[in-house]
Visitor: 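Structure below; questions to follow.
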Amino acid sequence: MLSGISSTFGESVMLAFTSNFDRFTIGMFASGTGMAGLGGSLVYAFLREMGFSKRCTMLICEAAPLLYIISYIFILDESENIYKEERVPLKFDETKDSSNSNTTDKASKSNVRHQSIALTTEEKFFVFKSVFKFNLVLFAVFAAEYYINLGLLQNIKFESIFLSNASQYRFYLLTYNVGVVISRSSIGFVRIPFAGIVIAVCLQYVNAIFFTIEAFEHFIPTIWITFVIIFIEGIIGGACYVNAVYILSGEATDKLREFSLALSTFGDEVGIVSAGIVALFAHHYICNQNIT
């Protein structure tokens, strides 16, 4: 629970923070979150396959959050070419002549940390309406893929192969995250319009239906086909996320961009929670059906 809270809070804050930098930073942020998923699943799968217990594996992974602190304090550099609402410094003397005033104003501004002016209620309501369509598609795609990952993949098993049942699930998630990191890193090369995102969401639900049937019927002849489809699932999910956020960033005005990006995380987080609830019951039901 605490991990989920910190992850959600961190995504909301850091995604909104990208509004202070070049728009391409969103692609870097999305790529980084994709790499985090890939790195986490890879480390977990590796340590478990090496024989480490679940408890020991989780304790080793607890060192990862230190990287966030180190990156933020020592690596992150504030850009000078970014939009900021500027406030006149308190010590600014308006009685000086215009030439001295301009010189003093520039010097003072360079030594003052500018702060964003709070949004009005009308502006916030406008952002809510503008972001709704993005929240809707993000909710839909995350609900579908997390329903697959949490409720279905554990029931898709292949007997008498080189991987145990537990290892199969770990490598399913690893394959999914490979697809995610590739698509989330592609915004600099391939961009999808909003209509394309909607089509991709529909394709993700095709995947969800396909895996639901597979969880009951077990008709896929080989695990390699499963790996390919899970990889495509990751590609679709990552592409929807990074393109939706990138389009939103371009549509929002400079003043509203930070709040818009922070609000956009609401859709995917609600989608994950909803998928987790549905997956809990779906997994239990499928297990009972397979037993009988």
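In this chain, residues are counted from 1 in sequence order. The analysis underlying the following values was restricted to heavy atoms, covering all of them including side chains, and did not include hydrogens, waters or symmetry mates.
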Visitor: Quick one: which residue pairs count as a salt bridge (charged side-chain N to carboxylate O under 4.0 Å, His left out) with a foot in residues 150-176, not counting sequence neighbours?
Guide: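 Every salt bridge (charged side-chain N to carboxylate O under 4.0 Å, His left out) pair that includes a residue of residues 150-176, provided the two are not neighbours, is E49-R170.
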Visitor: Taking only residues two or more places apart in sequence, or in another chain, which ones meet K54 in a side-chain contact (heavy atoms from CB on, under 4.5 Å)?
Guide: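 So K54 forms a side-chain contact (heavy atoms from CB on, under 4.5 Å) with Y44, R48.
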Visitor: Under 3.5 Å, which donor-acceptor pairs link side chains of residues 230-244 to any protein atom two or more places apart or in another chain?
Guide:
from, atom 1, to, atom 2, distance (Å)
Y241, OH, E11, OE2, 2.9
N243, OD1, I192, N, 2.8
N243, ND2, A239, O, 2.8

Visitor: Looking at every heavy atom in both Y146 and A275, which two are closest together, and how far apart are they?
Guide: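 Looking at all heavy atoms of both residues, the shortest contact is CB-CB, 3.6 Å.
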Visitor: Report the distance from atom CD1 of I156 to atom CG of N165, rounding to the nearest 0.5 Å.
Guide: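 Atom-to-atom, I156:CD1 and N165:CG are 12.0 Å apart.
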Visitor: Is there a donor-acceptor pair closer than 3.5 Å between any side-chain N or O of S249 and the backbone N or O of V245?
Guide: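 No, the answer is negative, given that no donor and acceptor are paired below the 3.5 Å cut-off.
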Visitor: F132, F134: one ILVMFWY side-chain cluster at the under-4.5 Å cut-off?
Guide: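 Unlinked, F132 and F134 end up in two clusters.
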Visitor: Report yes or no: do T212 and Y147 form a side-chain donor-acceptor pair below 3.5 Å?
Guide: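 The criterion, which ignores hydrogens and geometry beyond distance, is satisfied for Y147 and T212.
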Visitor: Measure the spacing between OG of S164 and CZ of F171 and express it to the nearest 0.5 Å.
Guide: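 The OG atom of S164 sits 9.5 Å away from the CZ atom of F171.
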Visitor: To the nearest 0.5 Å, what is the distance between CG (N288) and NE2 (H284)?
Guide: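 Here the rounded value is 4.0 Å.
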Visitor: Can you list everything that forms a side-chain contact (heavy atoms from CB on, under 4.5 Å) with F266? Sequence neighbours excluded, please.
Guide: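 Testing F266 for side-chain contact (heavy atoms from CB on, under 4.5 Å), a comparison that skips the adjacent residues, returns N135, V270.
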Visitor: Checking side-chain contact (heavy atoms from CB on, under 4.5 Å) against I225, which of I229, I223, V228 comes through?
Guide: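 Only one option passes, and that is I229.
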Visitor: Can you list the residues that meet the side-chain contact (heavy atoms from CB on, under 4.5 Å) rule with V198, with sequence neighbours excluded?
Guide: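 Listed in chain order: V137, F194.
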Visitor: Whether the side chain of Q204 engages the backbone of V141 through a donor-acceptor N/O pair (distance < 3.5 Å, no angle test) should be reported.
Guide: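 No; zero donor-acceptor contacts below 3.5 Å.
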Visitor: So do F216 and N155 actually touch side chain to side chain, heavy atoms under 4.5 Å?
Guide: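 No, their side chains stay 4.5 Å or more apart.
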Visitor: Let me know which of K129, E122, E123 forms a side-chain contact (heavy atoms from CB on, under 4.5 Å) with F125.
Guide: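 The single option meeting the side-chain contact (heavy atoms from CB on, under 4.5 Å) with F125 is K129.
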Visitor: Please name the pair of heavy atoms, one in P193 and one in I247, separated by the smallest distance, quoted to 0.1 Å.
Guide: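 Between these two residues, the closest heavy atoms are C-CD1, 4.0 Å.
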Visitor: Begin with the C-alpha distance, continue with both residues' side-chain angles, and end with the deciding distance and a verdict on side-chain contact (heavy atoms from CB on, under 4.5 Å) for I272 and E269.
Guide: CA-CA 5 Å; I272 293 172; E269 299 302 338; 4.0 Å; yes
Visitor: So which pairs with a foot in residues 178-189 pass side-chain hydrogen bond (donor to acceptor under 3.5 Å, both in side chains), sequence neighbours left out?
Guide: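 As it turns out, the side-chain hydrogen bond (donor to acceptor under 3.5 Å, both in side chains) pairs with a partner in residues 178-189, which skip direct neighbours, are S31-S185, T33-R184.
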Visitor: Look only at the side chain of S260 and the backbone of L256, and say whether a donor-acceptor pair between them is shorter than 3.5 Å.
Guide: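 At least one qualifying donor-acceptor pair exists.
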Visitor: Going only through I, L, V, M, F, W and Y residues with side-chain contacts under 4.5 Å, is there a path from I161 to L174?
Guide: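 Result: yes, single cluster for both.
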Visitor: Roughly how far apart are T222 OG1 and F227 CZ, rounded to 0.5 Å?
Guide: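 Output value for this atom pair is 9.0 Å.
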Visitor: So which atom in A140 and which in Y205 form the shortest heavy-atom distance, rounded to 0.1 Å?
Guide: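 Looking at all heavy atoms of both residues, the closest pair is O-OH, 2.8 Å.
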Visitor: Under 4.5 Å between side-chain heavy atoms, chaining through other members, with only Ile, Leu, Val, Met, Phe, Trp and Tyr counted: pull out the rest of the cluster around F189, sorted by chain and number.
Guide: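 Same cluster as F189: V190.
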Visitor: Check for a donor-acceptor pair, side chain of Y285 on one end and backbone N or O of L280 on the other, with a separation under 3.5 Å.
Guide: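 Such a contact is absent between Y285 side chain and L280 backbone.
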Visitor: Return the set of residues passing ring-ring contact (aromatic ring centres under 6.0 Å, His included) with Y176 (not counting sequence neighbours), or none when no residue passes.
Guide: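 Applying ring-ring contact (aromatic ring centres under 6.0 Å, His included) to Y176 gives none.
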Visitor: Tell me every residue that passes side-chain contact (heavy atoms from CB on, under 4.5 Å) with F219, counting only those two or more places apart in sequence or in another chain.
Guide: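 F210, I213, E214, E217.
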Visitor: Nearest heavy-atom pair of L152 and A215: which atoms, and what distance?
Guide: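 Smallest heavy-atom distance, with atoms named: CD2-CB, 4.3 Å.
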Visitor: Are F139 and V131 connected in the hydrophobic side-chain network, where two residues link if heavy atoms are under 4.5 Å apart?
Guide: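 Not linked; separate clusters.
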Visitor: Please go through I277's hydrophobic cluster and name the other residues, only I, L, V, M, F, W, Y counting, with side-chain heavy atoms under 4.5 Å joining them.
Guide: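 For the cluster that includes I277, the remaining residues are V273, F281.
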Visitor: Which Ile, Leu, Val, Met, Phe, Trp or Tyr residues join I60 in one cluster when any pair of side-chain heavy atoms under 4.5 Å counts as a link?
Guide: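 Answer for I60: V43, F46, L47, M50, F52.
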Visitor: Roughly how far, to the nearest 0.5 Å, is OH of Y172 from OG of S167?
Guide: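 Rounded to the nearest 0.5 Å, the OG-OH separation comes to 11.0 Å.
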Visitor: Quick one: which residue pairs count as a side-chain hydrogen bond (donor to acceptor under 3.5 Å, both in side chains) with a foot in residues 190-201, not counting sequence neighbours?
Guide: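 Qualifying pairs, neighbours excluded: R191-Y246.
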Visitor: Using the rule that two of Ile, Leu, Val, Met, Phe, Trp, Tyr join whenever any of their side-chain heavy atoms come within less than 4.5 Å, decide whether L136 and L261 are in one cluster.
Guide: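 Different clusters: L136 never reaches L261 through Ile, Leu, Val, Met, Phe, Trp or Tyr contacts under 4.5 Å.
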Visitor: Go through F158 and T226 one step at a time and tell me if the side-chain contact (heavy atoms from CB on, under 4.5 Å) criterion holds.
Guide: CA-CA 10 Å; F158 294 85; T226 306; 3.4 Å; yes
Visitor: Taking atom NZ of K133 and atom CG of L138, what is their separation to the nearest 0.5 Å?
Guide: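 Here the interatomic distance stands at 12.0 Å.
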